[in-house]
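Down below is the structure, laid out as structure tokens.
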Amino acid sequence: MATKTVTIDDLRANKTKKSFYILIEGKVYDVTKFIDEHPGGDEVILAEGGQDATEAFEDVGHSDEARALLPGMFVGNFEGGGVKLKSGAAAAQASRVAGAVEQGSNLMYFVPLGLLGAYFGWRYYTGAA
Ligand code: HEM
């Protein structure tokens, strides 16, 4: 049997307690029956409807037992594969973080270089060279 491909429209159409899909690592699961049994409560799952729940799922550090439940609820692969479906705000924040890290790594070069320059400048002016 060919694996079904779930589109973003399918994902968004199934986010009520009557029918609920969740997207984790490029795979879509039908958790309708599981929501009420979820040890972490229904609300946290309901909050992930229509979007990529990978981060939320991984952040909790779910056990192997929790992961073993997933195949039984498998619906199909998400159309975008492993592509992350981030909200605009999350994407903007990610790029800000990347920018800050880059700025930090530039400083790592310039601070020691600046200190070295200051040292040789000082030696030059004090005639110690
Ligand atoms: C189909 C997806 C999911 C399955 C099968 C699942 C399954 C489970 C299971 C079995 C536990 C008990 C502890 C463990 O074995 O790790 C658990 C706990 C928990 N889950 Fe999920 N979960 C799912 C999705 C989510 C999502 C999307 C969130 C969102 C944040 C979430 C949040 C939590 C939290 C906070 C706990 C801890 C509850 C506690 O220790 O009091 N889960 N989950």
Side-chain angles (χ1 to χ4, degrees):
M1 197 181 79
T3 308
K4 192 181 157 183
T5 298
V6 181
T7 66
I8 181 69
D9 289 337
D10 293 335
L11 191 67
R12 289 185 179 145
N14 290 282
K15 52 174 191 170
T16 67
K17 270 197 139 186
K18 277 194 188 127
S19 180
F20 204 93
Y21 284 5
I22 197 162
L23 169 60
I24 299 169
E25 271 161 18
K27 294 195 165 84
V28 177
Y29 304 94
D30 182 344
V31 293
T32 316
K33 295 197 187 82
F34 177 70
I35 293 177
D36 288 333
E37 297 165 22
H38 181 228
D42 58 353
E43 278 167 28
V44 286
I45 294 193
L46 292 170
E48 300 300 326
Q51 64 185 35
D52 192 340
T54 309
E55 237 170 89
F57 183 81
E58 294 298 343
D59 282 353
V60 172
H62 280 98
S63 66
D64 289 345
E65 285 78 20
R67 284 160 205 276
L69 295 170
L70 292 176
M73 300 187 265
F74 183 64
V75 175
N77 292 321
F78 185 61
E79 59 175 349
V83 178
K84 287 232 162 167
L85 261 184
K86 281 202 167 158
S87 66
Q93 192 180 2
S95 77
R96 268 201 305 277
V97 169
V101 169
E102 198 160 299
Q103 232 169 25
S105 62
N106 282 344
L107 273 180
M108 273 166 53
Y109 289 110
F110 287 121
V111 169
L113 273 180
L115 287 174
L116 205 66
Y119 171 69
F120 281 109
W122 171 76
R123 280 193 23 149
Y124 179 80
Y125 279 112
T126 55

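Start at 1 with the first residue, then count along the sequence. Given the structure is predicted, the values throughout are model-derived calculations rather than measurements. When a ligand or atom number is given, it counts from 1 through the structure's own listing order.
Atom 21 (Fe) of ligand 1 is approached by the protein to below 4.0 angstrom, counting heavy atoms only. Distance remark: protein heavy atom not present below 4.0 angstrom from atom 13 (C) of ligand 1.
Formation of a donor-acceptor pair under 3.5 Å by the T54 side chain with backbone atoms of E25 is found in this model. Between the side chain of H62 and the backbone N or O of F57, at least one donor-acceptor pair lies under 3.5 Å.
Contact annotation for Y29 and ligand 1: no heavy atom of the residue comes within less than 4.0 Å of the ligand.
Taking NE2 of H38 as the reference point, atom CD1 of I45 lies at 4.5 Å (rounded to 0.5 Å). The CG atom of D52 sits 9.0 Å away from the CD1 atom of I8 when rounded to the nearest 0.5 Å.
Set against the non-hydrogen atoms of L70, the atoms of ligand 1 under 4.0 Å away are 1 (C), 2 (C). Every atom of ligand 1 is numbered from 1 in the order shown, and the set under 4.0 Å from a heavy atom of V31 is 1 (C). Taking every heavy atom of F34 and a limit of under 4.0 angstrom, the matching atoms of ligand 1 come to 3 (C), 4 (C), 5 (C), 6 (C), 7 (C).
In this model, a donor atom of one side chain and an acceptor atom of the other lie less than 3.5 Å apart for D30 and T32. Between the side chains of S19 and N14, at least one donor-acceptor pair of N or O atoms lies under 3.5 Å.
Taking K17 as the reference, D36, D42 meet the salt bridge (Lys or Arg N to Asp or Glu O under 4.0 Å) condition, with sequence neighbours excluded.
K27 places none of its side-chain heavy atoms less than 4.5 Å from the side chain of F78.
The nearest protein atom to atom 15 (O) of ligand 1, hydrogens excluded, is given as S63 OG, 2.4 Å; this is a heavy-atom distance. Summary of contacts: the protein heavy atom closest to atom 27 (C) of ligand 1 is I22 CD1, 3.7 Å.
I24 and L46 fall within a single hydrophobic cluster, where Ile, Leu, Val, Met, Phe, Trp and Tyr side chains are chained together by heavy-atom contacts under 4.5 Å. Taking hydrophobic clusters as Ile, Leu, Val, Met, Phe, Trp and Tyr residues chained together by side-chain heavy-atom distances below 4.5 Å, I22 shares a cluster with L70.
Listed by chain and number, H38 NE2, H62 NE2 are the protein N/O/S atoms closer than 2.8 Å to atom 21 (Fe) of ligand 1, with waters left out.
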